[in-house]
**Student:** 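One structure, pasted below without further comment.
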Amino acid sequence: MHDRGRIMSGFAERIPARFWGLASLVLVALAWLAMFRYDDYGIDEGAARALLLNWAIVDQIAHPVAFAGAPDLRAFLFAILDIHWAGNLIAAKVLTLFVMLGVGLALHDWASKRLGPEVALIGTGLLLIAPVTVMQVDAIGKGPYLLLALWMGCVFEARYRDNARDIPGDYFLTLLAAALAASLHPAGLALPAAIAWKHRKQAREKKSRNLLIGLAIVAILFPVIRWGWPELNWLGNPLQPLGDILTGPRYETLKPSWAPGLFAAGLMLVVAALSLRKLADSVFSLSLALAVLIGFAAPDGGWALAALALTLYYGADLAIQLNRRLRFGHGLLGERGIVIALIMLTATTFMIADKHVRYVARHDIYSPTDALIKRLAEEAADPNQPFRAASQWPGRTMLAIKRETFPLPPVAKSPEALARSIRGITHIAFDYRARRNRKLARQVALLSARLETIAVLPGGVILKARTARAKQHPHPTR
């Protein structure tokens with residue numbers, strides 16, 4: 001038995017550490033796949049529009065998704081799926097899974113160089129098992145791609161700075177990373193801002209001036225192209241996505257508690273305040289901090305993932321420093337007792353939330369928005385009946401119901417003008433409580449002679465044209 005143990009230990013020692021790391025990533029990927037939902041719901045609106053545009057081009061079909069505006073640059077990344085997996089949502093989720101695993105390796109390398117190998121191991125391990133990470137990958141969300149863009153911007157900017165030529169290839173790669181970040185979320189504007197801050201003292205030099213001009217063009221052009229990120233909920237409650245970091249999805253509760261969000265926000269602010277000097281060390285850390293700050297204007301799951309990354313890496317660094325100052329003995333428990341306790345507490349919280357994520361997926365529990373879209377899908381179930389919807393979430397709606405869906409009409413000068421603009425639309429679905437839809441809701445309320453309410457749900461309201469109902473149920477002739 002002792003010989004067998006020595007053989008096994010010797011065999012394990014001959015395997016490089018990176019192979020053990022890759023094996024652990026395979027296990028993480030399998031765990032994620034077990035927690036995914038495999039229907040057409042829960043997809044990020046921006047990802048849905050990008051995927052639909054790709055599929056429309058591949059299938060050469062005129063598609064109303066074009067009316068929703070230009071998609072973010074994930075559309076180019078999703079183009080590789082068009083080779084064999086056009087129309088397959090699972091392939092897009094697996095691609096996002098690979099992106100997130102690659103981001104985990106990249107952040108581990110960055111943290112090892114900036115904060116130390118111990119911080120890198122703790123931060124990356126907890127980030128990969130966090131429920132918000134699983135939710136973002138499952139939703140094909142912005143978070144993994146935003147972190148990827150910030151890391152790419154950091155790498156390419158450093159290579160550009162070290163290159164002797166005025167405009168090397170890394171110049172364009174840096175601008176491409178900034179464009180990807182800016183197209184995803186207003187938090188992505190943190191990348192050009194961070195790079196500009198790093199080059200502020202060399203602004204008069206030709207090389208830095210070229211980069212600053214390019215970044216300014218990107219920072220102005222892409223928000224204009226994206227029409228100001230229309231799929232985002234501006235000035236929303238940041239405590240809800242921050243609370244999801246600790247609890248996972250809270251779809252069953254109509255009024256979820258603010259306590260998890262307040263705790264996560266307070267912890268993040270304390271970590272950021274105590275790490276201000278280190279946050280300014282590199283382009284990535286500075287852009288991550290600015291992304292969290294700017295993202296408060298439009299908080300969502302992608303922004304929450306960036307906030308979690310900042311909290312985990314710099315929080316682990318602060319915990320190690322605290323343990324060194326409060327060392328109460330020798331040995332492992334004396335030197336790392338506080339850190340181990342925090343790791344166990346955080347990992348247990350995350351795994352309980354991960355179990356809830358899997359429960360939600362397996363029992364077909366939907367978010368308020370998805371529940372509204374699912375109710376609209378029931379209206380579109382009969383292919384022989386006329387159906388043409390206008391939705392606040394045209395991409396997600398079209399993925400789920402697989403019928404023509406257009407964006408919401410703009411607010412008109414009068415209810416009569418609105419009625420003319422929605423001629424031919426049979427159904428309208430939107431969140432009438434949202435700040436952006438209040439004027440539209442007031443105008444729609446004045447069109448009761450043309451529209452009737454068929455469903456009022458926590459996620460919003462569904463209206464149906466009375467002419468559509470008349471065509472479906474004609475009055476018998478006398």
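Worth knowing before you read on, the calculation uses all heavy atoms, side chains too, and leaves out hydrogens, waters and symmetry mates.
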**Student:** Can any side-chain N or O of His185 pair as donor or acceptor with the backbone N or O of Ala298 at less than 3.5 Å?
**Tutor:**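 Yes; at least one donor-acceptor contact below 3.5 Å.
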
**Student:** Taking all non-hydrogen atoms of both residues, which atom of Pro131 and which atom of Gly248 are closest, and how far apart?
**Tutor:**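 Closest approach of Pro131 to Gly248, heavy atoms only: CB-CA, 4.2 Å.
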
**Student:** For atom CH2 of Trp234, decide whether the heavy atoms of other residues, nucleotides or ligands shown that lie under 6.0 angstrom number more than 12.
**Tutor:**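 Enclosed.
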
**Student:** Are the side chains of Gln392 and Arg436 in contact, using a 4.5 Å heavy-atom criterion?
**Tutor:**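 Touching, per the 4.5 Å side-chain cut-off.
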
**Student:** In plain terms, say whether Asp354 and Arg358 are close enough for a salt bridge, that is, a side-chain N and a carboxylate O under 4.0 Å apart.
**Tutor:**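 Between Arg358 and Asp354 there is no salt bridge, as every charged N stays at least 4.0 Å from the carboxylate O atoms.
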
**Student:** So do the side chains of Asn437 and Tyr432 get within less than 4.5 Å of each other, counting heavy atoms only?
**Tutor:**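 A side-chain contact under 4.5 Å is absent here.
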
**Student:** Indicate yes or no for a side-chain donor-acceptor contact from Arg159 to the backbone of Gly169 under 3.5 Å, with no hydrogens or angles considered.
**Tutor:**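 No, the answer is negative, given that no donor and acceptor are paired below the 3.5 Å cut-off.
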
**Student:** Donor-acceptor pair, distance only, cut-off 3.5 Å: does the side chain of Arg226 make one with the backbone of Ser183?
**Tutor:**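 The answer is yes, because a donor-acceptor pair under 3.5 Å joins these two groups.
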
**Student:** Please check: side-chain N/O of Ser287 versus main-chain N/O of Phe284, any donor-acceptor pairing under 3.5 Å?
**Tutor:**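 A pair under 3.5 Å: yes.
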
**Student:** Would Leu53 and Phe78 count as a side chain to side chain contact (heavy atoms under 4.5 Å, CB included) here? Give the steps.
**Tutor:** CA-CA 10 Å; Leu53 184 61; Phe78 294 154; over 6 Å; no

**Student:** To the nearest 0.5 Å, what is the distance between CZ (Arg209) and CD (Gln202)?
**Tutor:**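 With rounding to 0.5 Å, CZ (Arg209) is 13.0 Å from CD (Gln202).
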
**Student:** Quick one, Asp109 with Leu105, criterion side chain to side chain contact (heavy atoms under 4.5 Å, CB included). Give me CA distance, side-chain angles, the key distance, then yes/no.
**Tutor:** CA-CA 6 Å; Asp109 179 70; Leu105 290 174; over 6 Å; no

**Student:** Donor-acceptor pair, Lys142 side chain versus Ala47 backbone, under 3.5 Å?
**Tutor:**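 Looks like no, no N/O pair under 3.5 Å.
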
**Student:** Do side-chain atoms of Arg49 reach the backbone of Asp72 as a donor and acceptor pair under 3.5 angstrom?
**Tutor:**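 No: the side chain of Arg49 does not pair with the backbone of Asp72.
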
**Student:** Should we count CH2 of Trp110 as having more than 12 external heavy atoms under 6.0 Å?
**Tutor:**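 Count over threshold, so yes.
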
**Student:** Is the shortest heavy-atom distance from the side chain of Trp85 to the side chain of Ile80 under 4.5 Å?
**Tutor:**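 A side-chain contact is absent here, since even the closest heavy-atom pair is not under 4.5 Å.
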
**Student:** For side-chain hydrogen bond (donor to acceptor under 3.5 Å, both in side chains), just list the numbers for Ser367 and Tyr41, CA-CA rounded to whole Å, side-chain angles, deciding distance to a tenth of an Å, and then say yes or no.
**Tutor:** CA-CA 9 Å; Ser367 69; Tyr41 295 90; over 6 Å; no

**Student:** With a 4.5 Å cut-off on side-chain heavy atoms, are Leu180 and Phe222 touching?
**Tutor:**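 Sidechains of Leu180 and Phe222: no contact.
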
**Student:** Minimum heavy-atom separation for Ala304 and Ile245, please, with both atom names.
**Tutor:**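 Closest pair (atom of Ala304, atom of Ile245, distance): O-CD1, 3.6 Å.
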
**Student:** Side chain to side chain contact (heavy atoms under 4.5 Å, CB included) for Ile462 and Leu372? Distances and angles first, verdict last.
**Tutor:** CA-CA 8 Å; Ile462 300 176; Leu372 185 73; 3.5 Å; yes

**Student:** Which heavy atom of Pro192 sits nearest a heavy atom of Gly188, and at what distance?
**Tutor:**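 Here Pro192 and Gly188 meet closest at CD-O, 3.4 Å.
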
**Student:** Give me the atom names and distance for the closest heavy-atom approach of Asn210 to Ile167.
**Tutor:**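 Scanning both residues, the minimum pair turns out to be ND2-CG1, 3.8 Å.
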
**Student:** Assign the ring pair Tyr171 / Tyr160 to parallel, tilted or perpendicular, where the plane angle (0 to 90°) is split at 30° and 60°.
**Tutor:**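 Tyr171 and Tyr160: tilted rings.
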
**Student:** Please check this pair: side chain of Trp303 against backbone of Pro186, looking for a donor-acceptor N/O pair closer than 3.5 Å.
**Tutor:**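 Looks like no, no N/O pair under 3.5 Å.
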
**Student:** How close do Pro458 and Arg433 get, counting heavy atoms only, and between which atoms?
**Tutor:**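 Closest heavy-atom pair between Pro458 and Arg433: O-NH1, 2.9 Å.
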
**Student:** Treating Gln136 as the side-chain partner and Gly143 as the backbone partner, does any N or O pair qualify as donor plus acceptor under 3.5 Å?
**Tutor:**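 Yes; judged by distance alone, with no hydrogens or angles, the pair exists.
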
**Student:** Whether the side chain of Ser112 engages the backbone of Pro117 through a donor-acceptor N/O pair (distance < 3.5 Å, no angle test) should be reported.
**Tutor:**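 Checked: no pair found.
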
**Student:** So, for Pro144 and Thr96, which heavy atoms are closest and what is the spacing to 0.1 Å?
**Tutor:**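 Looking at all heavy atoms of both residues, the shortest contact is CG-CG2, 4.1 Å.
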
**Student:** Side-chain contact, heavy-atom cut-off 4.5 Å: Arg74 with Asp44?
**Tutor:**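 They are in side-chain contact.
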
**Student:** So how far is it from Tyr314 OH to Leu115 CG, rounded to the nearest 0.5 Å?
**Tutor:**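 Going from the OH atom of Tyr314 to the CG atom of Leu115 covers 5.0 Å.
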
**Student:** Taking C-beta and beyond as the side chain, do Thr405 and Leu376 meet within less than 4.5 Å on heavy atoms?
**Tutor:**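 No, too far: nothing below the 4.5 Å cut-off.
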
**Student:** Please check this pair: side chain of Ser208 against backbone of Glu205, looking for a donor-acceptor N/O pair closer than 3.5 Å.
**Tutor:**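 No, because the side chain of Ser208 does not come within donor-acceptor range (under 3.5 Å) of the backbone of Glu205.
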
**Student:** Are any of the side-chain nitrogens in Asp317 or Lys278 under 4.0 Å away from the carboxylate oxygens of its partner?
**Tutor:**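 A salt bridge is present here (some side-chain N lies under 4.0 Å from a carboxylate O).
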
**Student:** Can you check side chain to side chain contact (heavy atoms under 4.5 Å, CB included) on Tyr313 and Leu288, steps first, answer last?
**Tutor:** CA-CA 11 Å; Tyr313 284 107; Leu288 187 62; 5.9 Å; no

**Student:** Counting heavy atoms not belonging to Arg200, are there more than 12 under 6.0 Å from its CZ?
**Tutor:**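 Result for CZ/Arg200: enclosed.
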
**Student:** In the structure I gave you, are the side-chain heavy atoms of Leu308 and Leu126 within less than 4.5 Å of one another anywhere?
**Tutor:**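 Of all side-chain heavy-atom pairs linking Leu126 with Leu308, none is under 4.5 Å.
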
**Student:** Could Asp370 and Arg396 be called an ion pair, given the rule that one side-chain N must be under 4.0 Å from one carboxylate O?
**Tutor:**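 Salt bridge: yes.
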
**Student:** For a 4.5 angstrom cut-off between non-hydrogen side-chain atoms, does Val283 reach Leu191?
**Tutor:**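 They are in side-chain contact.
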
**Student:** Just one of Val137, Leu127, Leu310, Leu146 clears the side chain to side chain contact (heavy atoms under 4.5 Å, CB included) bar with Leu305, so which one?
**Tutor:**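 The single option meeting the side chain to side chain contact (heavy atoms under 4.5 Å, CB included) with Leu305 is Leu127.
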
